[in-house]
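These numbers were taken from a predicted model, which means no experiment stands behind them.
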Amino acid sequence: MNNKVSVVIRFAGAAVLGLLTVCVCVECRSGLRGDNQNCLRVTIADAPGNVDMSLTEGNRERLATVSEEEEELVLNAEVTESGGEIMAQGKLSPLTVTALHRNIAERAGKIRLSFDMHVSPELLARDRQLRIVPKLMKDGDTVLMDRIFITGEGYRAEQLKGYGRYNKYFASIIPDSVDFLKAFGYLGLLKYFTRRNLEDRALGEFGVTEQEAIDYYIKHYLVKLNRKRKDRLEEVFRKCVKDPIDRLGIRLDTVLRDLSGGLVYRYVQDLPATRDMRRLKMCFLGSVHTYGNTLYRFTAPDTLTWYVSSLTQMADTSAVYRRHTLARDVEASTMAFIEFEKGSWEIDTALGNNASELNRIRREFDSLAVSQRFTADSVIICASCSPDGSYRVNQTLSSKRAEAVMEYFSSAIGKKIRMHTEHIPENWDLLKEHIVSDSNIGDKEAVLAVFREADPDKREELLSKCTDFRYIREKLYPLLRRIDFTFRLHRRIYDTISTEIIRDETYREGIRALLDRDFKKAVALLRPYADINTSIAYLCLDYNASALSVLLELEKNARTNYLMALVYSRIGEDKKAKEHYRAAIGEDPRLRFRSSLDPEMERLMEQVE
C-alpha cells in the first residue's frame with residue numbers, strides 16, 4: 001500500500017527525483033501486401049529537469065523541480081511505504097508519427113516524403129508549445145528539416161502579450177524622423193523670445209548666437225531619456241518577449257483535428273533524388289515548453305525508414321558498342337591563302353605568308369605519299385577570286401592561278417599524284433555566308449538584297465553603294481581569295497567496305513546522365529538510339545507518349561511489357577495496362593515485387609491478382 005503525501009523539494013540544478021517515462025511512438029504503414037503496419041516504440045527516461053507531467057488543478061500530490069530561474073514546476077508523485085522513496089507517477093500520452101507508405105517512388109528527379117504526426121489531446125494544453133524537429137539521414141549526411149511548432153492558444157496569447165508590452169515601450173521612443181525642435185524643444189518660448197528680443201536685429205548684438213538660443217530652449221532631459229530608451233531596446237525585448245514568435249524555418253502543412261480532440265499534422269517535403277539514394281531514415285527531436293520555460297526535451301532514437309525506388313533501376317547498363325562502316329573511297333580537304341599580285345597569277349614565295357602556306361600543303365602531299373592506310377588517287381585544286389573587278393577578268397585570273405598552283409606542286413613532288421584544276425571566278429556563295437555570320441555588318445538586310453541581282457558585275461555595283469561596302473571589301477574580300485585542295489583517297493584494302501566495332505561513348509554518357517538523374521541530358525543523348533533506356537529517360541520526365549512510341553517498336557520481353565503497363569496505367573488505359581502486366585510477370589515473376597515500388601503499378605497489381 002502506498003501512502004500519498006504532499007512534498008515540495010528545492011535543490012540546486014535541474015535534476016528530477018523519481019522515474020519519468022515518456023513514450024514516443026514511431027509508426028510506419030507499409031505499402032507492401034501482408035505488412036500493413038510496422039510500429040517502432042521507444043521509451044525515454046532521461047528528460048533533464050524542467051518537467052511538468054500534469055498542471056491540472058486539484059488536490060493531487062506534487063513533486064517539484066527547480067528551473068534555472070528558481071521557478072517551481074510540478075508533476076504527480078507519491079511516496080512508497082517501504083523506504084519512503086519518492087516516485088513520479090503518470091505517463092505522458094504518446095506522440096505518434098505515421099508514414100503512409102514505406103516505399104516512395106522517385107519521379108522527375110524528385111522524391112516526396114510525407115508523414116502524419118498524431119498529437120494526443122493531453123499534449124495540446126492551451127498554455128504549452130510542442131516543438132518537433134525531423135532529422136533526415138541520407139547519403140551519409142544528416143539534415144535538419146523545417147521545424148514543427150504546435151502552439152496552444154494560451155501560449156500564443158502570452159507571446160502576443162509580450163509583444164504588446166514591447167510595442168508599448170517602443171512607441172514611447174521619439175523617432176529620428178520627427179522635427180527635432182517640435183519634439184524636444186520649448187518651441188513656443190523660443191518663438192516668443194525671438195519675437196520679443198531679436199526681431200529685426202542680429203543675435204550677435206546681444207552676445208547670443210542662434211545656436212545658443214536654440215540650445216537654451218531644448219528639453220535636454222528628454223533627449224537623454226529618449227537616447228536611453230533606444231539603448232535598452234534589445235534588453236527590453238528580451239525581458240518582454242521571453243519566447244519570440246519564430247517565422248523562419250517553420251513548416252506549415254495540412255493540419256486537421258481528429259475525433260479525439262488531438263491533432264493530425266501532415267508534413268510533406270520534396271527532395272532532389274541522387275544516384276545512390278536507396279534508403280532514407282528520419283528520427284525526431286522535440287521539446288515541450290510553457291511560456292519562458294522548457295519543460296522537457298526528448299529524442300526518438302528509433303526512426304522512420306523509407307525505401308526509394310526509381311525507374312532508373314531498370315536501366316540496361318551493360319557495355320554498348322556500335323558498328324561503324326568504313327567506306328573504301330574517302331575524301332579529305334584543306335585550303336591555303338596564297339597571295340598574288342593584282343592581276344597576276346605568278347606564284348611569289350616571298351609575298352605575304354606564301355612560303356608558310358606552300359610548305360604546309362607540301363607536308364600534306366608528303367604524308368599521303370607515305371601513308372600506310374590510304375593511297376591518293378587524285379587532287380583537285382580550285383582557285384577562287386573576290387568580286388573585285390570584272391567577272392571576265394576574274395574568270396581568267398582564277399583559272400590561271402589554279403594552273404600555276406598545280407604546276408608548282410607537280411614540279412615539287414613529281415607525277416606521283418594526278419592533279420586537276422577547277423576555278424570559281426567570284427565566290428559569291430562564300431561571301432554570303434560571311435555576311436550572314438558577321439555581327440559587324442549593320443544593315444544586313446540591304447546587303448543581302450543585292451544578291452538577288454543575277455549579273456555579277458551589276459551585283460558588285462549595287463554592293464558598292466551599301467554603307468557596309470568598305471568593311472566588306474577590306475575584311476571579307478581577302479577571305480574569298482583562296483586555293484582549295486580536295487584529296488581523293490582509297491583505303492589500302494581489297495573489300496569495298498570494312499567495319500569496325502567501337503565503344504559508343506555518347507551512349508555511355510547518356511546512361512551516366514540517366515543514373516545521375518539528369519533526365520533532360522539523358523533524353524538528348526539517348527533519343528537517337530530509341531531503346532529501353534531511351535524510354536526510361538522519357539518516363540522519368542513523364543513524357544509518356546514519347547516513351548510509348550519507343551516501347552512499341554522494341555522487341556517484347558518482361559521489361560518492355562512492364563514499362564508499357566506502367567505507361568498505359570499513367571494514361572488511363574487500364575485494359576492494356578493489365579494485359580502487359582500479366583505478360584511481364586508471366587515472363588519474370590520477380591516483377592511482381594517490383595510493382596509494389598511503383599505507385600502506378602500498385603493499384604494495377606491488386607486488380608490483376
Side-chain angles (χ1 to χ4, degrees), residues 327 329-348 351-354 356-358 360-361 364 378-406 408-409 419-488 506 520-521 523-525 527-528:
D329 297 322
V330 295
E331 284 189 355
S333 61
T334 187
M335 69 170 181
F337 289 101
I338 300 174
E339 298 181 35
F340 296 88
E341 293 289 352
K342 188 174 182 180
S344 172
W345 52 83
E346 293 184 2
I347 296 177
D348 184 356
L351 182 63
N353 200 35
N354 283 356
S356 174
E357 288 289 272
L358 292 169
R360 179 173 63 82
I361 301 300
E364 295 283 348
S378 62
V379 179
I380 299 175
I381 300 172
C382 180
S384 61
C385 295
S386 68
D388 198 8
S390 71
Y391 184 84
R392 183 178 58 81
V393 172
N394 287 333
Q395 189 172 31
T396 302
L397 281 176
S398 59
S399 176
K400 295 288 187 181
R401 286 173 180 176
E403 291 176 0
V405 173
M406 182 181 68
Y408 176 86
F409 284 106
M419 299 184 189
H420 307 278
T421 63
E422 293 180 357
H423 64 280
I424 302 175
E426 296 178 356
N427 203 336
W428 285 97
D429 291 337
L430 183 59
L431 177 61
K432 187 175 183 179
E433 290 179 14
H434 285 308
I435 291 171
V436 170
S437 61
D438 197 322
S439 59
N440 294 312
I441 296 177
D443 194 356
K444 287 187 181 182
E445 187 176 348
V447 173
L448 293 175
V450 170
F451 285 78
R452 301 191 189 104
E453 173 57 51
D455 185 276
D457 290 331
K458 291 182 179 179
R459 191 186 306 160
E460 187 191 9
E461 183 181 354
L462 293 173
L463 184 62
S464 65
K465 297 177 181 179
C466 295
T467 55
D468 295 296
F469 177 69
R470 183 176 179 180
Y471 173 83
I472 293 172
R473 185 173 184 176
E474 293 178 357
K475 301 296 182 182
L476 302 187
Y477 272 18
L479 302 178
L480 309 181
R481 304 177 190 121
R482 52 189 267 181
I483 309 294
D484 289 281
F485 297 83
T486 302
F487 299 90
R488 291 182 175 175
T506 301
K520 290 186 177 180
K521 181 179 179 181
V523 164
L525 294 172
R527 182 185 287 114

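Under the salt bridge (Lys or Arg N to Asp or Glu O under 4.0 Å) criterion, E403 pairs with no residue, sequence neighbours left out. Residues passing the side-chain hydrogen bond (donor to acceptor under 3.5 Å, both in side chains) test with K521 are E509, sequence neighbours excluded. Remark: F487 pairs with F365 by the ring pair (Phe, Tyr, Trp, His ring centres under 6.0 Å) rule, at least two apart or across chains. Taking S386 as the reference, R481 meet the side-chain hydrogen bond (donor to acceptor under 3.5 Å, both in side chains) condition, with sequence neighbours excluded. Applying the side-chain hydrogen bond (donor to acceptor under 3.5 Å, both in side chains) criterion to D468, with sequence neighbours excluded, gives no partner residue. Remark: E474 pairs with R470 by the salt bridge (Lys or Arg N to Asp or Glu O under 4.0 Å) rule, at least two apart or across chains. Residues meeting the side-chain hydrogen bond (donor to acceptor under 3.5 Å, both in side chains) test with N394, sequence neighbours left out: E426. Partners of R459 by salt bridge (Lys or Arg N to Asp or Glu O under 4.0 Å), not counting sequence neighbours: none found. With sequence neighbours excluded, the residues that form a salt bridge (Lys or Arg N to Asp or Glu O under 4.0 Å) with E357 are R360.
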Requested in this report: Determine, step by step, whether M419 and F409 satisfy the side chain to side chain contact (heavy atoms under 4.5 Å, CB included) criterion, reporting the C-alpha distance in whole Å, the side-chain angles of both residues, the deciding distance to 0.1 Å, and the verdict.
Outcome: CA-CA 9 Å; M419 299 184 189; F409 284 106; 3.9 Å; yes
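Formation of a donor-acceptor pair under 3.5 Å by the S399 side chain with backbone atoms of T396 is not found in this model. Judged purely by atom type and a 3.5 angstrom limit, S378 has no side-chain atom pairing as donor or acceptor with the backbone of R488. Formation of a donor-acceptor pair under 3.5 Å by the R401 side chain with backbone atoms of I347 is not found in this model.
To the nearest 0.5 Å, the span separating CE on M406 from CD1 on I380 amounts to 12.5 Å. One distance of note links CZ of R473 with CG of D388; it measures 4.5 Å at 0.5 Å rounding. With rounding to the nearest 0.5 angstrom, the CG atom of L463 is 10.0 Å from the CG atom of L448. Distance CG/D438 to CD1/I472: 8.5 Å, rounded to 0.5 Å. Note that OG1 of T486 and NE2 of H420 are 11.5 Å apart. Values are rounded to the nearest 0.5 Å. Between the CG atom of L479 and the NE2 atom of H434 there is a distance of 4.5 Å, given to the nearest 0.5 Å.
Side-chain contact check for I361 versus T334: some heavy-atom pair is nearer than 4.5 Å. A heavy-atom distance below 4.5 Å is found between the side chains of R482 and L430. Side-chain atoms of C466 and V450, non-hydrogen and from C-beta on, do get closer than 4.5 Å to each other. Between F340 and L351 there is no side-chain heavy-atom pair separated by less than 4.5 Å.
Across all non-hydrogen atoms, the minimal contact from S384 to N427 is OG-ND2, 3.8 Å. Minimum interatomic distance between E339 and N353 (heavy atoms only, all atoms of both residues): OE2-N, 4.0 Å. The two residues L480 and P387 have their closest heavy-atom pair at CD1-CD, 3.7 Å. The two residues A524 and P528 have their closest heavy-atom pair at O-CD, 4.0 Å. Taking each heavy atom of I424 and C382 in turn, the nearest pair found is CG1-SG, 3.9 Å.
Each of C385, S390, P425 was checked for a side chain to side chain contact (heavy atoms under 4.5 Å, CB included) with Q395, and the lone residue meeting it is P425.
Within the structure, the side-chain hydrogen bond (donor to acceptor under 3.5 Å, both in side chains) test picks out no pair touching residues 441-451 (sequence neighbours left out). The ring-ring contact (aromatic ring centres under 6.0 Å, His included) contacts involving residues 378-403 comprise nothing, where partners must be two or more places apart or lie in separate chains. Applying the ring-ring contact (aromatic ring centres under 6.0 Å, His included) definition to pairs two or more places apart or across chains, those involving residues 446-477 are W428-F451.
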